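Report on the structure given below.
Treat the numbers as computed from the prediction; the structure is a model and nothing was measured.
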Amino acid sequence: MKRIAIVEDDQEYQDKLTKYLRRYGEENGEDFQVSYYQDGIDFVDEYVFQYEIILLDIKMKFMDGMDTARKIREKDGNVLIIFITNLAEYAIQGYDVAARGFVLKPVTYRAFSLQIQKVCKEINEREDVYVSISFQGGIRKILQKSIYYIESQGHYLNVYLQTETITFYLTLKEFEKKLDTKRFCRCNNGIIVNLQHVQKVEGATVYVNKIPLSISRAKKKAFMEALTDYIGEGNYV
């Protein structure tokens, strides 16, 4: 299921886009969960990484679509944005917010379906390289390659990225099932390491992003074999 936000203050167009999404889903075997917002300001205030696609009107009363997209990009660099507009000149500005496309009003099903097809294909291709994290208030998708390591602390997990740490409720065993087994390996019972980011191994310590992590005696053989295989396959960067 793909989660879509329609940010559009014209009820007629909300209904039309919903109708087109339903038709596209029936024709192409896609399932959409749609949420609606009347203005960009409300959408930005409530945004918590729960969407994969945003259908965004340009002209709205309190916060226009371009400003809304800029605010969203400060929070989320992955969500796919399609502008719905009757102003073709905004297309150039769309590059500033990494918009995936534009649909000009009056919206035809053919033009709309081509844009939806494009973003659905991108999302489907992403699935194997992203991991979804569910937490209170929404879902966030993270590139697996951007994860340095995952650490279990009680009933919570800390996922360490380059610029932030994400904490959420899940067991390490359950999260491990979501990860690429060729890329990730446990160095001890409480930590999973992204082998791509291993800098060096010294004795019973592996360094990831300059942080020393303990390799347990029970895990060392399997960890070193996994690291050797990863490097041997030409994945190491």
Side-chain angles (χ1 to χ4, degrees), residues 1-4 30-31 33 47-53 75-80 98 119-237:
M1 178 180 289
K2 294 176 175 62
R3 296 171 179 83
I4 297 182
E30 292 283 2
D31 190 15
Q33 179 180 308
Y47 193 84
V48 283
F49 300 99
Q50 69 268 50
Y51 301 110
E52 293 160 303
I53 303 168
K75 299 181 177 184
D76 189 342
N78 298 320
V79 67
L80 304 179
V119 293
C120 283
K121 180 181 178 183
E122 183 172 347
I123 290 168
N124 292 337
E125 290 174 348
R126 281 180 174 185
E127 293 299 325
D128 292 337
V129 295
Y130 277 75
V131 61
S132 296
I133 294 177
S134 301
F135 54 94
Q136 187 174 9
I139 296 174
R140 180 171 175 184
K141 285 193 170 184
I142 300 172
L143 273 171
Q144 292 197 32
K145 69 180 183 180
S146 70
I147 298 172
Y148 283 86
Y149 65 97
I150 305 105
E151 180 182 28
S152 175
Q153 288 192 340
H155 297 295
Y156 289 85
L157 295 183
N158 292 325
V159 176
Y160 294 91
L161 310 177
Q162 183 176 14
T163 58
E164 64 177 315
T165 301
I166 302 171
T167 301
F168 60 101
Y169 185 87
L170 193 68
T171 67
L172 195 63
K173 184 177 181 180
E174 287 298 316
F175 192 65
E176 191 172 27
K177 295 176 183 178
K178 300 172 178 282
L179 299 172
D180 180 354
T181 56
K182 292 183 179 181
R183 183 190 295 272
F184 291 89
C185 185
R186 292 198 191 210
C187 63
N188 59 53
N189 282 334
I191 296 177
I192 298 174
V193 169
N194 185 342
L195 301 174
Q196 177 184 347
H197 296 298
V198 170
Q199 295 167 311
K200 62 180 178 178
V201 175
E202 292 183 346
T205 303
V206 56
Y207 289 84
V208 179
N209 196 29
K210 300 181 180 179
I211 297 171
L213 304 172
S214 175
I215 307 173
S216 68
R217 182 177 298 178
K219 298 290 184 185
K220 185 166 186 179
K221 183 175 185 293
F223 180 80
M224 294 307 297
E225 287 177 351
L227 180 60
T228 300
D229 289 343
Y230 186 78
I231 296 172
E233 290 179 5
N235 297 309
Y236 197 69
V237 295

Quick one, [X] and [Y] - any side-chain contact, counting heavy atoms below 4.5 Å?
X	Y	result
L179	Q144	yes
I150	F184	yes
Y47	V79	yes
F175	V131	yes
Q153	N158	yes
V208	Y160	no

Which atom names give the shortest non-hydrogen contact between [X] and [Y], and what distance separates them?
X	Y	result
L172	N189	CD2-O, 3.4 Å
L195	A226	CD1-O, 3.6 Å
N194	K145	ND2-O, 3.6 Å
F223	R186	CD1-O, 3.5 Å
Y148	L161	CD1-C, 3.6 Å

Positive for side chain to side chain donor-acceptor pair (under 3.5 Å) with E52, one of K141, Q33, K2, R3: K141
Would you call the rings of H155 and Y169 parallel, tilted or perpendicular if under 30° counts as parallel and over 60° as perpendicular? tilted
Take atom OH of Y156 as the centre, draw a 6.0 Å sphere, and report whether it contains more than 12 heavy atoms from other residues, nucleotides or ligands. no
